[in-house]
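Below is one structure, written out as structure tokens; comments come after it.
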Amino acid sequence: MEHRADIEGLRAVAVLLVVLFHARLGVTGGFVGVDVFFALSGYLITTLLVREHERSGRIDLLRFYGRRVRRLLPASFAVVVTVLAVGSRVLAPDEQRDLARTAQSVALYASNLRFAWEAGDYFGDLESNALLHTWSLGVEEQFYVLWPLALVLALRVRQTVPFVLATVLLGLPAAAWAVGTNASWAFFLSPLRAWELALGALGALWAPTRLAWMRGTAWSVAGALAVVLPGFLYTGDTPFPGVAALPATLGTTVLLVAGAGSVGPVQQALSIGPLRLLGRLSYAWYLWHWPVLVLLPVWLLREPTSIEVLAGLGLSLLLAWASFHVVEQPLRGHARLQPTGASLALGALLTAAGVGLSFVALDHADTLSATPELRELVKARATKPRLYRQGCNADHEDITFDARRCTTGEPDAPRVVLFGDSHAAQWAPPLRKLAERGEIRLTTLTKSSCRPIGEARRLAVIGREYTECAVWFENVLEALPGLRPAVVLVGGRVLGPTEEAWRAGLSRVVETSRAAGAQTVFLEGVPVLPGDVSPCLARSVVRGLDPADCHFVPRERPAYDRVIRDIAQAPDVWVAEVAADTCPDHGGGACGAVFEGIPIWRDRSHVSVPFALTQRRRLQRALRGPLSAASGEAARGGRARPDPPSSPPPPSR
């Protein structure tokens with residue numbers, strides 16, 4: 001196949017789209033660069049195979065596979081080995097395990113299958129995986145295995161064009177359907193991407209005859225615009241791939257056909273020296289850029305600046321140049337590897353070595369996890385308040401509660417009712433300590449994902465409307481007076497509801513508490529962090545750094561804090577400031593990851609049990625005023641407090 005400089009330039013455009021997108025440098029739809037590569041591969045591989053068949057009347061499949069081995073596997077193996085080695089020094093053990101399992105799937109040419117199974121979204125769940133980008137290699141490698149076999153059969157029955165055309169016409173609607181039903185399958189699975197490669201193949205079959213009329217400047221300009229514009233017009237919210245992948249793949253095919261046998265202004269622009277050089281490095285740069293971008297913030301223990309991102313891209317390009325000249329080209333052209341048997345043996349060796357190294361990496365991660373510091377960190381994350389084990393935090397399906405079973409403390413101590421969702425329940429451990437000291441009698445009325453405002457919202461974890469929350473909320477309000485509380489302590493997850501919803505729901509709680517003769521204390525909202533902090537802590541332990549260097553800027557402060565401080569203007573409503581040791585200025589600044597050497601966070605929005613226990617004195621001080629006020633009101637009201645009935649009235653259903 002003759003060398004075409006414009007194809008090298010087109011590769012450069014494709015890799016630039018991808019790299020700039022991943023670096024978040026303004027190309028919001030640069031993921032279409034991968035689709036350009038798919039159409040290119042379909043065109044080039046089909047041209048190569050069909051011309052071989054025309055020359056010799058057959059296709060040497062083993063020779064084809066051997067060439068693919070020399071072209072692709074040494075460079076990808078070098079990247080995987082490097083990423084595993086660097087990851088073993090900077091990543092948390094859990095991250096190392098995930099990386100090792102991904103490396104295993106890369107070695108078996110199936111990382112796209114792993115991601116399709118595990119992920120919901122390329123733009124979300126998997127972004128921290130330094131080998132995420134290998135999904136596209138899995139798609140292409142599976143194509144390289146199956147496509148030649150299919151072409152051999154199609155050529156034998158002389159139905160090549162109908163077969164390729166059917167792949168496009170059936171594959172595109174299937175991909176469009178999958179985007180709306182299972183986005184991860186649509187994105188990662190090769191059967192749902194095959195139409196993109198087949199579109200390029202169709203261009204290869206039709207270019208010499210049926211599409212010769214496309215060899216003009218106007219068609220080349222249209223193809224170039226179809227490739228580039230989606231890179232700037234699409235975003236992560238664009239339903240993709242499906243129909244949205246058609247402009248880039250069709251534009252690529254048009255450019256390839258238009259440049260076959262004619263050289264116009266667009267082809268001349270694509271053939272300039274810098275683009276040709278970048279095109280030759282495109283495979284290597286694609287391999288290296290993503291690991292560098294992912295591992296850069298890990299190394300820095302913070303988000304990199306724009307200058308640091310650009311420096312990272314420069315480093316990845318330098319690595320690409322080195323691997324191209326040291327690994328990719330020498331092995332691709334090595335005389336001893338030219339025989340088909342030697343090439344296939346090399347592929348088998350690299351596959352076995354990749355799988356073996358992944359097991360070594362898994363063992364290393366397990367060894368790291370056994371260190372005392374990391375065991376304590378895991379324990380702090382994994383431990384939930386005791387009320388979960390006691391069945392005193394209502395599950396999603398529950399609408400009832402057992403106040404008697406979920407009460408602890410001396411009978412004559414003032415009763416404090418803890419009311420809310422898991423973000424209220426996280427404060428049960430220090431409150432329980434106060435109850436064990438005889439200072440309060442604690443009753444816990446908490447329910448998972450159910451803020452204390454009676455909202456009936458759609459809940460993703462159960463996949464439907466969370467009607468049980470509203471019912472449970474009403475049941476708690478109905479039963480609250482019978483508990484005869486001195487204080488009702490209220491808390492909930494701070495993000496989500498509007499200010500009006502918070503005000504309406506919390507006002508009802510205050511009114512009910514007031515009618516029961518109780519003081520209301522709102523637990524200050526714990527900030528919601530942009531991500532899980534535990535990997536940073538574990539990474540700092542692995543690297544021997546100070547965990548106190550891990551800081552995170554919380555998401556925007558919600559309406560909850562404004563509402564509770566407005567309502568707390570009333571004399572019988574109070575606010576317990578329990579977030580002061582997580583973030584300065586009540587969450588307005590950066591949040592730390594440790595407090596006095598103790599991990600603060602269990603996840604993105606819950607504090608750990610060890611940290612919650614450090615806040616016992618703060619809660620003790622916060623309850624002192626409300627308990628004193630409640631005691632005074634009870635004395636003036638002439639009713640003995642806090643002797644509750646032996647059994648509260650059963651909640652209504």
Side-chain angles (χ1 to χ4, degrees), residues 1-14 17 32-54 59 64 136 139-140 143-144 146-148 150-151 154-155 158-173 175 190 192-230 241-264 266-267 269-271 279 282:
M1 182 176 177
E2 74 277 4
H3 175 77
R4 283 180 54 180
D6 63 311
I7 289 181
E8 285 186 343
L10 190 54
R11 284 196 181 105
V13 171
L17 286 169
V32 300
V34 173
D35 305 271
V36 174
F37 279 126
F38 285 162
L40 266 167
S41 293
Y43 180 91
L44 294 172
I45 295 304
T46 302
T47 300
L48 186 71
L49 293 171
V50 169
R51 289 187 181 179
E52 180 182 352
H53 186 269
E54 290 172 348
I59 294 176
F64 170 80
S136 65
V139 170
E140 292 212 15
F143 172 79
Y144 294 149
L146 298 176
W147 191 251
L151 274 183
L155 287 166
R158 299 184 179 181
Q159 295 295 320
T160 310
V161 169
F163 161 70
V164 176
L165 185 59
T167 303
V168 175
L169 296 180
L170 296 176
L172 177 55
S190 50
L192 295 169
R193 291 286 197 158
W195 72 269
E196 301 182 37
L197 295 113
L199 188 60
L202 191 63
L205 295 173
W206 278 353
T209 54
R210 300 190 187 187
L211 299 180
W213 49 272
M214 280 189 179
R215 294 171 188 171
T217 300
W219 282 103
S220 295
V221 170
L225 290 175
V227 167
V228 173
L229 286 181
V243 175
L246 185 58
T249 50
L250 185 58
T252 300
T253 303
V254 168
L255 280 171
L256 292 168
V257 171
S262 67
V263 178
V266 173
Q267 284 72 35
L270 289 172
S271 301
S282 60

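The residues of the chain are indexed from 1 along the displayed sequence.
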Please check if any side-chain donor atom of Glu196 sits under 3.5 Å from a side-chain acceptor atom of Thr249, or the reverse. no
Looking at Arg215 and Ala207, would you say the former's side chain and the latter's main chain have a donor-acceptor pair under 3.5 Å? yes
Any sub-3.5 Å donor-acceptor pair from Glu8's side-chain atoms to Ala5's backbone N or O?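 No, the answer is negative, given that no donor and acceptor are paired below the 3.5 Å cut-off.
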Taking all non-hydrogen atoms of both residues, which atom of [X] and which atom of [Y] are closest, and how far apart?
X: Arg193; Y: Asp35; answer: NH1-OD1, 2.6 Å
X: Ser220; Y: Ala258; answer: OG-CB, 3.3 Å
X: Ala175; Y: Leu192; answer: CB-O, 3.5 Å
X: Ser136; Y: Val34; answer: CB-CG1, 3.8 Å
X: Gly203; Y: Val257; answer: O-CG2, 3.8 Å
X: His53; Y: Ile59; answer: CB-CG1, 4.0 Å

Before giving the answer on side chain to side chain contact (heavy atoms under 4.5 Å, CB included), spell out for Trp219 and Trp213 the whole-Å C-alpha distance, their side-chain angles and the decisive distance to 0.1 Å. CA-CA 9 Å; Trp219 282 103; Trp213 49 272; 3.1 Å; yes
For the atom pair [atom1] ([X]) and [atom2] ([Y]), what is the distance rounded to the nearest 0.5 Å?
X: Leu199; Y: Leu169; atom1: CG; atom2: CG; value: 9.5 Å
X: Leu197; Y: Phe143; atom1: CG; atom2: CZ; value: 4.5 Å
X: Met214; Y: Leu256; atom1: CE; atom2: CG; value: 11.0 Å
X: Leu151; Y: Leu146; atom1: CG; atom2: CG; value: 11.5 Å
X: Thr47; Y: Glu52; atom1: OG1; atom2: CD; value: 13.0 Å

Trp147 vs Thr46, test: side chain to side chain contact (heavy atoms under 4.5 Å, CB included). Steps then yes/no. CA-CA 9 Å; Trp147 191 251; Thr46 302; 3.0 Å; yes
Can you confirm whether Phe64 sits close enough to Tyr144 that some side-chain heavy atom of one is under 4.5 Å from a side-chain heavy atom of the other? yes
Any side-chain heavy atom of Trp195 sitting closer than 4.5 Å to one from Leu246? yes
Test side chain to side chain contact (heavy atoms under 4.5 Å, CB included) on Thr253 and Tyr43 and set out the steps. CA-CA 8 Å; Thr253 303; Tyr43 180 91; 5.7 Å; no
side-chain contact (heavy atoms from CB on, under 4.5 Å) with Leu255: which of Asp6, Leu40, Val36, Leu10?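 That would be Leu10; it is the only one of Asp6, Leu40, Val36, Leu10 passing the side-chain contact (heavy atoms from CB on, under 4.5 Å) with Leu255.
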Which is it for Trp206 and Val161 under the side chain to side chain contact (heavy atoms under 4.5 Å, CB included) test, yes or no, and what are the steps along the way? CA-CA 8 Å; Trp206 278 353; Val161 169; 3.4 Å; yes
